[in-house]
There are 2 protein chains.
Amino acid sequence: MQTKIVAFIERLQQVTTFDGIQRLIEQLRDLYQVEHLIYHSVNSAGEPYAALTYSLDWVDHYLEQDYGRIDPVVLGCYQRFHPVDWKRLDWSSKRVRNFLLEASDAGIGNQGFSIPIRGPNGQFALFTVNHRCSDEEWLRFTDAHVRDLLLIAHYVNQKALEVERGTDRLPDQSLSPRELDALTMLGMGKSRGHAAEILSISEHTLRVYIESARFKLGAANTTHAVALAMARGKIIV
Amino acid sequence: MQTKIVAFIERLQQVTTFDGIQRLIEQLRDLYQVEHLIYHSVNSAGEPYAALTYSLDWVDHYLEQDYGRIDPVVLGCYQRFHPVDWKRLDWSSKRVRNFLLEASDAGIGNQGFSIPIRGPNGQFALFTVNHRCSDEEWLRFTDAHVRDLLLIAHYVNQKALEVERGTDRLPDQSLSPRELDALTMLGMGKSRGHAAEILSISEHTLRVYIESARFKLGAANTTHAVALAMARGKIIV
DNA sequence: ATTACCCTCCCCATTTTCGGGGAATTATAA
DNA sequence: TTATAATTCCCCGAAAATGGGGAGGGTAAT
């Protein structure tokens with residue numbers, strides 16, 4: 001069994017394009033004989049990327065409906081450190097059950113196992129195995145392959161980051177100490193006036209920091225700037 | 001070497017109080033013969049807790065100065081999934097270098113290794129080993145003990161959560177779907193008017209959601225509500 | 001079936017923030 | 001050293017948010 005993963009990692013090293021990752025994901029699905037395999041990520045600029053074996057119809061529908069915001073797999077893994085079996089997630093809300101029905105119709109299996117991954121600057125990725133089978137079968141599968149999957153998830157993410165770095169993007173905008181102070185205060189719920197008082201600067205000055213931070217982050221308004229700074233790990237509230 | 005950790009885990013099971021955890025941390029420091037051992041966490045309500053071997057003076061100073069917001073160890077690990085050696089963190093800013101000098105004066109060693117941990121509802125914890133030695137010595141130490149430390153970090157966090165659950169806290173406030181929608185839109189930078197339009201409701205209605213979400217989250221204003229919802233993993237922007 | 005919560009709509013007055021300007025001194029870095 | 005960035009201060013009008021109030025219909029659970 002170990003030869004599988006060794007061969008895979010060797011082949012992964014050759015890959016230099018997103019297409020290559022996609023093909024590898026498909027080969028991996030066949031190798032492990034599961035219904036679906038999904039790698040998807042959101043980089044620091046918020047751009048999504050995915051290599052997966054779901055039907056394109058489902059992917060389009062998912063994106064159109066912005067299901068990433070209610071999908072318990074995404075929500076549940078976003079802040080988690082450890083891989084999680086889909087059974088352990090929260091499927092209780094009505095909206096989610098509806099989503100589940102649609103997913104099932106689109107050919108998504110009832111069993112799933114997802115591995116969250118985090119990269120630099122808030123980059124977030126998920127590596128998911130999906131299958132349709134009984135709980136017992138699934139338990140046997142996961143027990144047998146968790147280690148492999150962890151390694152694969154890690155390597156695939158590394159490769160995706162590497163390939164993406166080729167597509168040169170805007171450099172990571174760094175915020176000045178005062179800008180971080182300002183955003184932190186606002187994120188903590190202080191009003192501009194109070195925040196300025198705490199930082200011992202005029203309210204006007206505070207506003208300059210917020211403005212420049214907003215500009216650097218490409219944020220539409222103050223709330224957005226705070227949200228982006230948080231999402232990118234620049235501040236903690 | 002393995003007997004060390006087995007004995008530790010057994011003793012850990014007996015612990016039922018915060019004081020017990022503190023004593024165990026001290027014993028662990030002696031066991032591994034390092035300068036300092038630190039476990040600290042922030043729960044879903046934002047309350048900090050720590051069991052550590054730093055001097056109380058330094059802890060007081062750290063809290064008073066709110067160094068948690070600039071400490072590269074905290075910042076760097078907050079969004080990371082994997083343990084990290086302090087050398088790999090970003091110590092470049094002036095403010096940080098100053099912090100480092102103060103820390104060194106307070107008896108904190110030059111070498112460190114921190115393990116981030118995440119629990120339910122945005123709970124975040126750090127397990128850190130600190131020592132004063134050369135890079136080579138430190139490499140030998142970490143190489144020899146990473147596995148142990150990972151396990152210990154995990155068990156200590158579990159125990160801390162368990163002990164904390166005893167001190168019954170306010171139940172986790174759940175937000176309604178529409179409240180989540182509203183906060184998500186604002187977190188994405190939409191204005192109230194635009195957000196209402198996207199959600200196909202009146203701007204007045206949107207405001208009701210924001211107000212109730214703010215109330216539930218105990219937030220002072222909209223920006224705060226979005227920040228809290230993000231920190232608690234309720235929304236993704 | 002009653003309670004409770006969710007969703008939707010509306011008014012008003014007050015406070016706060018936004019987005020455009022401009023300008024000075026001090027650090028930091030190339 | 002010279003440029004670039006950071007830090008600090010200021011004005012103003014338009015726009016948005018806040019904090020009260022009230023009201024009706026729906027759904028879900030007890």
Side-chain angles (χ1 to χ4, degrees), chain A residues 70 91-98 170-229 234, chain B residues 70 90-98 171-229 234:
Chain A
I70 63 159
W91 303 90
S92 58
S93 104
K94 190 179 174 181
R95 205 184 279 202
V96 168
R97 278 194 301 271
N98 211 51
L170 44 155
D172 171 42
Q173 294 289 9
S174 75
L175 298 172
S176 80
R178 282 314 227 182
E179 286 162 353
L180 292 175
D181 287 343
L183 292 181
T184 301
M185 286 300 143
L186 298 179
M188 289 169 68
K190 313 293 179 199
S191 73
R192 287 204 313 201
H194 191 194
E197 196 186 323
I198 294 171
L199 299 175
S200 308
I201 53 177
S202 80
E203 195 247 333
H204 293 281
T205 303
L206 185 91
R207 221 177 61 198
V208 175
Y209 297 142
I210 300 169
E211 295 267 306
S212 57
R214 222 187 38 198
F215 180 76
K216 286 182 183 174
L217 293 166
N221 54 42
T222 305
T223 302
H224 195 199
V226 171
L228 287 177
K234 296 184 185 300
Chain B
I70 63 158
D90 177 23
W91 303 92
S92 60
S93 105
K94 191 179 177 180
R95 203 183 280 202
V96 168
R97 278 195 301 272
N98 211 50
D172 172 43
Q173 295 288 9
S174 74
L175 299 172
S176 80
R178 281 314 227 182
E179 287 162 352
L180 293 174
D181 286 344
L183 292 181
T184 301
M185 286 299 143
L186 298 179
M188 289 170 69
K190 314 294 180 198
S191 70
R192 288 205 312 203
H194 192 194
E197 196 186 322
I198 294 170
L199 298 176
S200 309
I201 53 177
S202 80
E203 196 246 336
H204 292 281
T205 304
L206 186 91
R207 221 177 62 197
V208 176
Y209 297 144
I210 300 169
E211 293 269 304
S212 58
R214 225 185 36 197
F215 180 75
K216 284 183 183 174
L217 293 165
N221 53 43
T222 305
T223 302
H224 195 198
V226 171
L228 288 177
K234 295 182 187 301

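Since the model is a prediction, treat every value here as computed from it, not as a measurement.
- For A:Ala225, the side-chain contact (heavy atoms from CB on, under 4.5 Å) partners at least two apart in sequence or on another chain are A:Leu183, A:Arg214, A:Leu217, A:Ala219.
- In this structure, CD of B:Glu211 is placed 15 Å from P of D:dG22, rounded to the nearest angstrom.
- Among the heavy atoms of the strands lying under 4.0 Å from B:Asn221 are primed sugar atoms or P, OP1, OP2 only; no base atom is included.
- A pairwise comparison of heavy atoms in A:Lys234 and A:Leu180 identifies O-CD2, 3.8 Å as the closest pair.
- Looking at which nucleotide of DNA chain D each of A:Ser176 and B:Ala220 is closest to, the 5′-most match is held by A:Ser176.
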With the sugar-phosphate defined as primed atoms, P, OP1 and OP2, and the base as all remaining atoms, what B/S/- string results for nucleotides 23-30 of chain C, 5' to 3', for protein heavy atoms under 4.0 Å? -----S--
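- Remark: B:Glu197 pairs with no residue by the salt bridge (charged side-chain N to carboxylate O under 4.0 Å, His left out) rule, at least two apart or across chains.
- For the pair A:Phe215 CZ and C:dC18 P, the interatomic distance rounds to 17 Å; values are reported in whole Å.
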Below 3.5 Å between N/O atoms, which protein atoms pair up with nucleotides 11-14 of chain D? Just atom names and distances, please.
from: D:dC11; atom 1: N4; to: A:Arg207; atom 2: NH2; distance (Å): 3.1

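- Sorted by first and then second residue, the side-chain hydrogen bond (donor to acceptor under 3.5 Å, both in side chains) pairs involving residues 217-229 of chain B (not counting sequence neighbours) are A:Thr223-B:Thr223.
- Residue pairs meeting the salt bridge (Lys or Arg N to Asp or Glu O under 4.0 Å) criterion with at least one partner in residues 178-196 of chain A, sequence neighbours excluded, are A:Arg178-A:Asp181, A:Glu179-A:Lys216, A:Asp181-B:Arg95, A:Arg192-A:Glu203.
- Here C:dG20 presents its P atom at 15 Å from CD1 of A:Ile210, a figure rounded to the nearest Å.
- Residues meeting the side-chain contact (heavy atoms from CB on, under 4.5 Å) test with B:Val208, sequence neighbours left out: none.
- Taking each heavy atom of A:Val226 and B:Ala227 in turn, the nearest pair found is CG1-CB, 4.4 Å.
- Using a 4.0 Å heavy-atom criterion, one finds that B:Thr222 contacts the sugar-phosphate atoms exclusively.
- For C:dT16, the OP1/OP2 oxygens have no side-chain nitrogen or oxygen of A:Ser191 closer than 4.0 Å.
- By the side chain to side chain donor-acceptor pair (under 3.5 Å) test, B:Ser92 is found to be paired with B:Asp90, residues two or more places apart in sequence or in another chain being considered.
- Using a 4.0 Å cut-off, some side-chain N or O of A:Arg192 falls inside it from OP1 or OP2 of C:dT17.
- Mapped onto DNA chain D by nearest heavy atom, A:Leu199 and B:Thr223 fall at different nucleotides, with A:Leu199 at the one closer to the 5' end.
- Among C:dT17, C:dT8, D:dA6, the nucleotide with an atom closest to any side-chain atom of B:Ile201 is C:dT8.
- Contact annotation: A:Tyr209 side-chain N/O to D:dT8 OP1/OP2 distance is under 4.0 Å.
- The heavy-atom pair separating B:Ala213 from B:Leu175 by the smallest distance is CA-CD2, 4.0 Å.
- For the C1' atoms, the distance from C:dC5 to D:dA23 is 16 Å, rounded to whole Å.
- Across D:dA17, C:dC18, D:dC9, the shortest atom-to-atom separation from the side chain of A:Ser202 is found for D:dC9.
- Rounded to whole angstrom, the span from the CD atom of A:Glu203 across to the C1' atom of D:dT8 amounts to 14 Å.
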Test B:Leu186 against B:Ile210 for side-chain contact (heavy atoms from CB on, under 4.5 Å), laying out the working first. CA-CA 9 Å; B:Leu186 298 179; B:Ile210 300 169; 3.4 Å; yes
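- Under the rule for a side-chain contact (heavy atoms from CB on, under 4.5 Å), the partners of B:Thr205 that lie at least two apart in sequence or sit in another chain are B:Ile201, B:Ser202, B:Tyr209.
- In this structure, B:Leu206 atom CG and C:dT8 atom C1' are separated by 12 Å, rounded to whole Å.
- Near-neighbour residues of DNA chain D inside residues 178-186 of chain A, defined by a heavy atom below 4.0 Å, number-ordered: A:Arg178.
- Atom CG of A:Leu206 is separated from atom OG of A:Ser200 by 11.5 Å, given to the nearest 0.5 angstrom.
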